[in-house]
Every structure is written in C-alpha cells, then in structure tokens.
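What follows is one structure encoded as structure tokens, with my remarks underneath.
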Amino acid sequence: MVKSYRADTNTFESVTVNVPAGATTARLTFRYTGTNSAFWTVDQVTLTPRG
C-alpha cells in the first residue's frame, strides 16, 4: 500500500513510488473500502518516470 485515507479529501496530490531496480513494468491499482461509494472518484492520474 502506498497511500491510505481516513477522511474525505478534494485536493491535488503528488505521490512518489519507489520502483525496484530492474523493473520493466508497473501496475497502479485503487481500492475503495468505505461505505459511501457513490462519491468515490479518482481523476486525472498521471505516471511520470523520473531518473
């Protein structure tokens, strides 16, 4: 798990994920485990390699 929330948020975020040396592929997934999924949204996700 990279990030977890315990309250609503409506903001832009940048999250850095360390990638193992030699990795050639990546998979990014999102999981909602709350009770009000009617308003759950992930929008405008961008992956940017660095280095």
Side-chain angles (χ1 to χ4, degrees):
M1 176 183 338
V2 174
K3 187 85 174 186
S4 179
Y5 299 93
R6 297 218 177 253
D8 293 343
T9 183
N10 183 15
T11 185
F12 170 83
E13 286 196 56
S14 177
V15 178
T16 300
V17 178
N18 294 320
V19 178
T24 58
T25 63
R27 180 182 295 179
L28 181 66
T29 61
F30 301 91
R31 182 180 347 160
Y32 178 81
T33 58
T35 58
N36 188 4
S37 63
F39 298 101
W40 187 79
T41 304
V42 175
D43 191 22
Q44 298 180 358
V45 174
T46 304
L47 299 178
T48 306
R50 298 186 184 201

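This is a predicted model, so every value here is computed, not measured.
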May I have the list of side-chain donor-acceptor pairs in residues 16-24 shorter than 3.5 Å, sequence neighbours left out?
none

*So which pairs with a foot in residues 15-36 pass salt bridge (charged side-chain N to carboxylate O under 4.0 Å, His left out), sequence neighbours left out?*
none

_Qualifying salt bridge (charged side-chain N to carboxylate O under 4.0 Å, His left out) pairs with a residue from residues 13-22, counting only residues at least two apart or across chains_ = Lys3-Glu13

*Kindly work out whether a path of hydrophobic side-chain contacts (I/L/V/M/F/W/Y, heavy atoms less than 4.5 Å apart) joins Tyr32 to Val45.*
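Yes; Val45 is reachable from Tyr32 via cluster members.
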
*By side-chain contact (heavy atoms from CB on, under 4.5 Å) - contacts of Leu47 (at least two apart)*: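 With neighbours one apart ignored, the set is Leu28.
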
